[in-house]
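Working notes for the structure below.
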Protein chains: 2
Amino acid sequence: MKKSIDKSLEIKQVKPTAMRQLVLDILSKQDHAIGLPELEMQFAQADRTTLYRTLKTFVDKKVIHSIDDGTGTIKYAVCTDTCHCNPSELHVHFYCIKCEKTTCLTDIPIPDIQLPENYFAENINMVVKGLCNRCNKG
Amino acid sequence: MKKSIDKSLEIKQVKPTAMRQLVLDILSKQDHAIGLPELEMQFAQADRTTLYRTLKTFVDKKVIHSIDDGTGTIKYAVCTDTCHCNPSELHVHFYCIKCEKTTCLTDIPIPDIQLPENYFAENINMVVKGLCNRCNKG
DNA sequence: TAATTTGTGCAACCGGGTTGCAAACTTATT
DNA sequence: AATAAGTTTGCAACCCGGTTGCACAAATTA
Ligand SMILES: [Mn+2]
Ligand SMILES: [Mn+2]
Ligand SMILES: [Zn+2]
Ligand SMILES: [Zn+2]
């Protein structure tokens, strides 16, 4: 039986190299979105460029999606197997100013916006900044 | 009669130095949001740090608001005299992938989001990426 | 096998943002 | 007016995430 990691890569048509399996495995185990520097730290020694290009390939092939949370470091989180990253599929993201974690609010779709005449939307980024449920106590 | 620039600064309690008047004047005349590098270019010669700190002061005192449009360069646009940058006052921003201009959709408020239990929203950034009305022809 | 394509590793670079520090300027105190 | 304290500005240097060029390795194709 094939691992789910490999299945994901197969579905999205990405060749399952050792590096890619490793990176996707790490990303899959996260409870929050992580950036390149944080990913780098999860390896004893790894080349930034390779990780960078792995992430880029993953984004291109929609294995993962990128999140600009306003911290200056782009975060990444795995997509569902069926995701095509269309505007209608996108969800809201949350950045906690206390624990500094960025999370996918996968259950909260980005609301429809009525743009002015002749505007065309290709992509939408919506990030709510504040306190997450764990940090908003007391 | 006092210039409107000075009046704005007075309202937001920022001392109207020559530099600040100059910067706010430039920002006021823009039809789109600009970043530090673009602001820098509008001066024959100007120190990046001073402009940087001027922008920072303006953001702190809510003379202007910052926009993370995902390009890697933070953009800035003037606030209204009455703006306090509360989540309820925020509007949607638009980044055109063709003309590469970031604009305030001041008439489009950011829609209310029903966050999960115990989450607290302090700020919201919503950027639509696509083609603006001028570029979306033909 | 040989030729071609794809992936990886290293080094160097880019650019926006940021900090430390000293000089210039402004405001308050004597 | 003279002095002291606070604020603003300018220069230089730095930080760091991201990105590119290039050579080598690995996999794929002919
Ligand atoms: Mn997400
Ligand atoms: Mn705006
Ligand atoms: Zn938190
Ligand atoms: Zn445009």
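In what follows, chains are A, B, ... by sequence order, proteins preceding strands, each numbered from 1. Just so we're clear, the structure is a prediction, and the values are computed from it rather than from any experiment.
- For the pair B:Q45 and A:I74, nearest-nucleotide mapping onto DNA chain D gives the more 5' position to B:Q45.
- Rounded to an integer number of Å, the gap from CG of B:L36 to P of C:dT18 is 9 Å.
- Ring geometry, B:H65 versus B:H93: the interplanar angle falls from 30° to 60°, so the pair is classed tilted.
- A:L55 has its CG atom 15 Å from the C1' atom of C:dG7, to the nearest Å.
- Relative to the side chain of A:T54, the nucleotides C:dT8, D:dT28, C:dG16 differ in distance, and C:dT8 lies closest.
- Taking the six-membered ring for Trp and the full ring otherwise, the centers of A:Y119 and B:F94 sit less than 6.0 Å from each other.
- Residue B:L51 contributes atom CG, which lies 16 Å from atom C1' of C:dG15 at whole-angstrom precision.
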Test log, rule side chain to side chain donor-acceptor pair (under 3.5 Å), inputs B:S88 and B:N86: CA-CA 5 Å; B:S88 60; B:N86 297 323; 5.1 Å; no
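- Listed nucleotides D:dT9, C:dG17, C:dT8 differ in distance to B:P37; the shortest reach to its side chain belongs to C:dG17.
- Summarising the geometry, the separation between CG on B:D69 and P on C:dG16 is reported as 13 Å, rounded to the nearest angstrom.
- A straight line from CD1 of B:I34 to P of C:dG16 spans 13 Å, rounded to a whole angstrom.
- Qualifying side-chain hydrogen bond (donor to acceptor under 3.5 Å, both in side chains) partners for B:E40, counting only residues two or more places apart in sequence or in other chains: none.
- Sequence order on DNA chain C of the closest nucleotides to B:K15 and B:T73 puts B:T73 first from the 5' end.
- Using a 4.0 Å cut-off, some side-chain N or O of B:T17 falls inside it from OP1 or OP2 of D:dT9.
- Taking atom CE of residue B:M19 and atom C1' of nucleotide C:dA23, one finds them 17 Å apart after rounding to whole Å.
- Following rounding to the nearest Å, B:Q21 (CD) and C:dC25 (P) show an atom-to-atom distance of 16 Å.
- Nearest to the side chain of A:T49, among D:dG17, C:dT8, D:dT20, sits D:dT20.
- Here D:dT9 is the nucleotide among C:dT27, D:dT9, C:dG7 with the atom lying nearest to any side-chain atom of B:T50.
- Judged by distance alone with a 3.5 Å cut-off, no donor-acceptor contact links the side chain of A:R48 to the base of D:dG17.
- One can find a donor-acceptor pair under 3.5 Å joining the base of C:dG9 and the side-chain atoms of A:R53.
- Under the rule for a salt bridge (charged side-chain N to carboxylate O under 4.0 Å, His left out), the partners of B:D25 that lie at least two apart in sequence or sit in another chain are B:K29.
- As a whole-Å value, the separation of A:D47 CG from D:dG21 C1' is 13 Å.
- A sub-4.0 Å separation between OP1 or OP2 of D:dG18 and a side-chain N or O of A:Y52 is absent.
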